[in-house]
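Take a look at the structure below.
Quick caveat: nothing in here was measured; it's all calculated off a predicted structure. Every number for a ligand or one of its atoms is a count from 1 in the order of the listing. Scope of the values below: all heavy atoms of this structure, side chains included, with no hydrogens, waters or symmetry mates.
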Amino acid sequence: MRYNFDEVVNRNNTDSRKWGTLEEIYGTTDILPMWVADMDFKSADEIIEALKKRAEHGVFGYTWEQDSFYDSIIKWVKRRHNWNIKKEWILFTPGVVMGLNLGVRELVKEGEKVLIQSPVYPPFYRVIENNNRIVNLNPLKDTGEKFVMDYEDLEQKIDKDTKLMMICNPHNPVGRVWTREELIRLGDICIKNEIVIISDEIHSDFILKGHTHVPLASISKELEERTITLMAPSKTFNIAGLATSVAIIPNEELRNAYEKAIEVMEIGNTTIFGNVGFEAAYNHGEEWLDELLIYIEDNIDYAMEYINRNIPEIKVYRPDGTYLLWLNFRGLNKSPEEINEALIKIGKVGLNEGSPYGKEGEGFFRLNIGCARSILEEGLRRIEKAVKSL
Ligand SMILES: Cc1ncc(COP(=O)(O)O)c(C=O)c1O
């Protein structure tokens with residue numbers, strides 16, 4: 001292995017939201033943070049070097065996306081996801097959540113509805129509700145072995161006011177990588193009902209062995225025509241702070257509408273470091289990522305085994321992708337507040353409490369295993385201590 005993911009990087013006093021806001025989030029600073037979805041690993045050397053080199057130039061004026069920017073993601077998406085995309089389909093967005101927000105604002109009128117599949121990443125709710133649009137919930141089903149989509153419920157929920165569906169693939173927090181068959185079934189329902197789909201594929205580079213990421217828009221011409229795909233190197237290479245992502249929109253009419261929303265909000269400008277990080281990641285980060293995926297997979301194996309052996313009170317399904325585990329504490333018959341208090345006060349470990357992900361998330365907590373093994377081991381011991389105290 002060329003990279004040492006066992007290295008523990010001290011992130012205190014580095015303006016890290018995950019490590020720096022513990023007092024605000026948990027009411028105390030002596031917490032091991034395993035919450036917000038960024039990893040504790042150093043990014044790839046190639047990215048760090050490219051940023052350093054650019055920093056040394058010393059002039060950081062306005063910039064724009066050049067051919068090399070588009071080229072880097074076109075090649076990446078082809079190599080990693082076997083999807084041929086064109087330069088003119090790609091629009092820069094300053095973050096994937098902004099990409100969701102733009103879609104809601106432009107494609108849905110106030111008072112109209114947007115379908116989402118709960119439990120889901122909380123900003124999915126916020127971009128709908130804060131824009132005075134209405135959440136139309138199509139909850140995932142728990143089969144006892146994994147989470148699946150509920151197509152019957154989806155068909156029933158669609159009405160004349162439902163214009164857009166936002167899916168998360170791979171799904172945060174449940175860790176499913178939706179299969180081609182699942183996506184085709186979902187897509188058929190959306191095509192039949194003329195619903196546009198935003199597919200948030202920010203986690204698409206974290207695919208575990210035995211699974212394949214299928215970009216929704218790559219499935220058929222019909223789905224290509226009604227899908228806006230959001231992608232970014234931010235999660236993949238731990239460069240979320242560079243806030244550089246893209247919306248891929250093959251349909252010209254949809255793309256023009258979306259571009260108008262970007263213009264109205266005057267947010268179409270990339271940044272120097274965003275550009276450099278984006279291109280270095282997609283052009284030179286592959287070896288780092290392949291090694292990282294082995295480490296993440298081992299961390300998941302370790303955590304699954306630890307929980308099953310030592311904390312059987314917690315139920316957890318092995319994820320197909322992402323570096324997140326969706327822990328089910330419901331068997332304890334305690335309120336989310338009681339569990340959270342034990343995690344914070346007894347375990348001294350910070351997880352994401354599940355209720356912001358929707359009603360279906362109550363009694364669940366999200367654990368981020370994107371860290372050195374020693375930190376994961378410590379975190380699991382702390383969770384165990386908290387659970388045993390309940
Ligand atoms: C599904 C999903 N979308 C978007 C984001 C955030 O994207 P960005 O930081 O580019 O806005 C996250 C971060 O956790 C996420 O899990």
*asked:* Salt bridge or not between R2 and E287? Use side-chain N to carboxylate O under 4.0 Å.
replied: yes
*Subset of ligand 1 atoms that lie under 4.0 Å from at least one heavy atom of C168*: 1 (C)
*Can you sort out which atoms of ligand 1 are near G95, meaning under 4.0 Å from one of its heavy atoms?*
10 (O), 11 (O)
_I need the contact type for A240 against ligand 1. Using non-hydrogen atoms and a strict under-4.0 Å cut-off, is it side chain, backbone, both or neither?_
neither
*asked:* Looking at K109, I want to see if its NZ is surrounded by more than 12 non-hydrogen atoms of other residues, nucleotides or ligands under 6.0 Å.
replied: no
*How close does the nearest protein non-hydrogen atom get to atom 7 (O) of ligand 1, and which residue and atom is it?*
I202 CD1, 3.3 Å
*Are any of the heavy atoms in M98 under 4.0 Å away from ligand 1?*
no
*Do D142 and Y317 come close enough that some side-chain heavy atom pair is under 4.5 Å?*
yes
_Taking every non-hydrogen atom, the tightest pair across P233 and I239_ = O-CG1, 3.5 Å
*Pick, from T322, V96, D200, the option with the minimum heavy-atom distance to atom 3 (N) of ligand 1.*
D200
*Hey, can you tell me if Y121 and F124 have their rings parallel, tilted or perpendicular (30° and 60° cut-offs)?*
perpendicular
_For Y295 and F41, take the angle between the two ring planes, folded into 0 to 90°, and tell me which bin it lands in: parallel under 30, tilted 30 to 60, perpendicular over 60._
perpendicular
*Tell me which protein heavy atom sits closest to atom 6 (C) of ligand 1, plus the residue, atom name and distance to 0.1 Å.*
Y121 OH, 3.3 Å
*Is it the side chain, the backbone, both or neither of K235 that has a heavy atom closer than 4.0 Å to ligand 1?*
side chain
*So, is S245 polar-close to ligand 1, with some N/O to N/O distance under 3.5 Å?*
no
*What residue and atom, counting heavy atoms only, is the protein's closest point to atom 11 (O) of ligand 1, and at what distance?*
V97 N, 3.0 Å
_Under a 4.0 Å threshold between the charged nitrogen and the carboxylate oxygen, would E297 count as salt-bridged to R318?_
yes
*Quick one: which ligand 1 atoms are inside 4.0 Å of a heavy atom on A37?*
14 (O)
_Charged N-O contact under 4.0 Å between E194 and R226_ = no
